[in-house]
Visitor: 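For reference, the structure I am asking about is given below.
Letters go in sequence order (proteins before strands), and every chain restarts at 1. Just so it is clear, the model here is predicted, and its values are computed rather than measured.
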2 protein chains.
Amino acid sequence: MSAVDGKPGLRERKKQRTHAAISDAAITLFLEHGFNQVSVAQVAEAAEVSKRTLFAYFPTKEDLVVHRLADHETETARVVRDRPSDTVPLTAVREHFLKGLIERDPITGLNDHPQVRRLHRMILDAPSLVARMERFKTGAERALAQALRETADTPELTARLAAVQIVAVQWALAQDNAERLAYGEPADERYAGAVADAEHAFALLENGLRHVFM
Amino acid sequence: MSAVDGKPGLRERKKQRTHAAISDAAITLFLEHGFNQVSVAQVAEAAEVSKRTLFAYFPTKEDLVVHRLADHETETARVVRDRPSDTVPLTAVREHFLKGLIERDPITGLNDHPQVRRLHRMILDAPSLVARMERFKTGAERALAQALRETADTPELTARLAAVQIVAVQWALAQDNAERLAYGEPADERYAGAVADAEHAFALLENGLRHVFM
DNA sequence: GAGTAAATGTATACCAGGTGCAGAAATCGT
DNA sequence: ACGATTTCTGCACCTGGTATACATTTACTC
C-alpha cells in the first residue's frame, strides 16, 4: 500500500491503464456507432478485457461516458466554497460561469470542437444518458446547497432553494448554448450572445422574476 | 372510433379494464414487496395477461408506476394558461400550490395517508423510478416554458429560465414536505410550516437571491 | 530469489427488462 | 354470420448486469 509514494506501484498503474483503455474504447465505439448501437460486450472485447472486468471498473454502461464529468458535479459547490471572503456566492458563480464561457469550457455548452459536439449529440440521442445527466444535476444541487449552508450560513431550506435555482439556471444556459452550436452556429460567433444571456440569467436570479411578469 | 359516443364500444372498454387491471396488480405487488423485488413477469401473471401485452400497455416497468402522475406533468403549465387575466403567472402558481397544500394534494408532498407515504418510499428506494421522476420534471419545465411564452409573451430564454426556476422550487418544497412526513410528522402538524416555507420560497422567486446573500 | 496471501481477472451460467415475429383469438362493420 | 382488423399470446432472442468458482498476477516476507 504505497499511498504517499512517488511510485504508485505496478498494480495501481495497471489499473489506471485498464481504466483508460476501457473508457477510450467505449468512447471511440460510442461516437462512431451510437451509444445504444454498441453493446458492453463489444466494448469489453475492444478493450481486450472480460465483461465482468469492465463492470468492475464502471458500475453501469452509462458510467463509461459520464465518469468524465464526475469532477464537474461538485464544481459550483467548490467555487462557492473557495470564493474570496468579500464575495457573495452568486457573484462567484457568475464570474466562474463567464470565465467558463471565455475558456469554451464544454460544461457551458459553448465548445464547438467536433468531438465535443458529437459527444453532446450522442448523449441527447440516448435517453438513459440524459437520465444520467439529470442525476448528475441533482448531485450538483445537493453539493451546492451544502456549500451555501456551510460558507454563507444560509438556513437549510433557503440553501436548497437557492441551490436548485442556481443549478437549474446554469444548466438551462448551457443547454441553450449547446443547442445553438448543434444548429451550426460557431462558438466564437455565439460568444457575445452567450455572455449577454448569462448576465441576463444571473440578473434574474439576483432580482427575481418580479421584473419579468410585472 | 367512437370518441364522443356514450358507448365507447366493447373493445375500448376492455382495453381500459386491462389497463387498470395491470396497473392495479403492479401497484399492489410493488407496494407489498418493493419495485425491484417484483418482476414484470410476476405483474403480468397477477394481471392474467402475457408479458408481451403488458408492454403493449406500458412501455417500461417504470411506467407502471409513473403513468398515474402523467396529468401532473402539465399541471403548472395549465395553471398559468388558465389564470385570470389580471393575475401574474407566478401568483397563479403560488395560489395553486397553496391550495394544493390545503387539499393535501400528494404532489405537494403534504399527504400522509399510508398508501401515499408507502408509494413515496417505494419510489425513493428504486433509482430507476427516481430517474423517471426527473424526466417528469423536465417535461413540466418544457410545458411551463411554453405556457409562459404563449400567455405572458415572455421571450424564449427568459421563459425557459423562469420555468426551470419555478419547477425546481416547487419540487424542492414538495420534497422537503415529503421528507418530513416520512420522518413521522403528521401532515396537519406540518401544514403551517409548509405554508410558511412555500410563501418564503415564492417570495424568493419573486425578489431574487439578492436578499439572501447580501 | 522463492513462496504465499491478497487482489484482479476470466469463463460460464444465469436473471430481468424489453423486442420481433407468426399465428391464434376476439371484436368490429356489414 | 362473415371477412377484415385489432389485439393477445407464446416463443425465441438480445442486452445489461450479477453470482460463482477458478486462474493469474502482484506484493510482501523471509
Visitor: Could you list by number each residue of residues 50-60 of chain A showing a heavy-atom separation from DNA chain C of less than 4.0 Å, or answer none if no residue does?
Guide: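 The stretch gives A/Ser50, A/Arg52, A/Thr53, A/Tyr57 as the residues lying under 4.0 Å from the strand, ordered by number.
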
Visitor: Closer than 4.0 angstrom, basic N to acidic O: yes or no for A/Lys137 and A/Glu73?
Guide: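 A/Glu73 and A/Lys137: not salt-bridged.
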
Visitor: Can you tell me how far P of D/dT18 sits from CD of B/Gln37, to the nearest Å?
Guide: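 Whole-Å distance recorded here is 14 Å.
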
Visitor: Do other residues, nucleotides or ligands put more than 12 heavy atoms under 6.0 Å from A/Arg149 CZ?
Guide: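 Enclosed: over 12 neighbouring heavy atoms sit under 6.0 Å from CZ of A/Arg149.
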
Visitor: Over how many whole Å does the gap from A/Lys14 atom NZ to C/dT10 atom C1' extend?
Guide: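 Nearest whole value for this atom pair: 14 Å.
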
Visitor: Is any NZ, NE, NH1 or NH2 atom of the basic residue among B/Arg180 and B/Asp176 found under 4.0 Å from an Asp or Glu carboxylate oxygen of the other?
Guide: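 Counted as a salt bridge, because a side-chain N and a carboxylate O are separated by less than 4.0 Å.
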
Visitor: Nearest whole angstrom, please: distance from the P of D/dT25 to the NZ of A/Lys15.
Guide: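 Answer to the nearest Å: 18 Å.
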
Visitor: Would you call A/Arg132-A/Asp63 a salt bridge at under 4.0 Å N-O?
Guide: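 Looking at A/Arg132 and A/Asp63, the cut-off is met.
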
Visitor: In whole angstroms, how far is the C1' atom of C/dG17 from the CZ atom of B/Arg132?
Guide: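 So the two atoms are 14 Å apart, to the nearest Å.
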
Visitor: Report the distance from atom CG of A/Leu64 to atom C1' of D/dG17, rounded to the nearest whole Å.
Guide: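 These atoms are roughly 13 Å apart.
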
Visitor: What contact category does A/Val43 fall into here, base, sugar-phosphate, or nothing, at under 4.0 angstrom with non-hydrogen atoms?
Guide: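 The answer is nothing, as A/Val43 stays clear of every strand by at least 4.0 Å.
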
Visitor: So with a 6.0 Å cut-off around CD of B/Glu134, is the heavy-atom count from everything else above 12?
Guide: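 Result for CD/B/Glu134: enclosed.
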
Visitor: Taking NE2 from A/His19 and P from C/dT8, how many angstroms apart are they, rounded to a whole number?
Guide: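 About 14 Å, once rounded to whole Å.
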
Visitor: Starting at atom CD of B/Glu45, determine the distance to atom C1' of C/dA16, rounded to an integer number of angstrom.
Guide: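 Rounding to the nearest Å, CD of B/Glu45 and C1' of C/dA16 are 15 Å apart.
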
Visitor: In whole angstrom, give the distance that lies between atom CZ of A/Arg13 and atom C1' of D/dA27.
Guide: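 After rounding, the gap between these two atoms is 13 Å.
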
Visitor: Salt bridge check: are A/Lys99 and A/Asp105 linked by an N-O gap of less than 4.0 Å?
Guide: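 Salt bridge between A/Lys99 and A/Asp105, a charged N being under 4.0 Å from a carboxylate O: no.
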
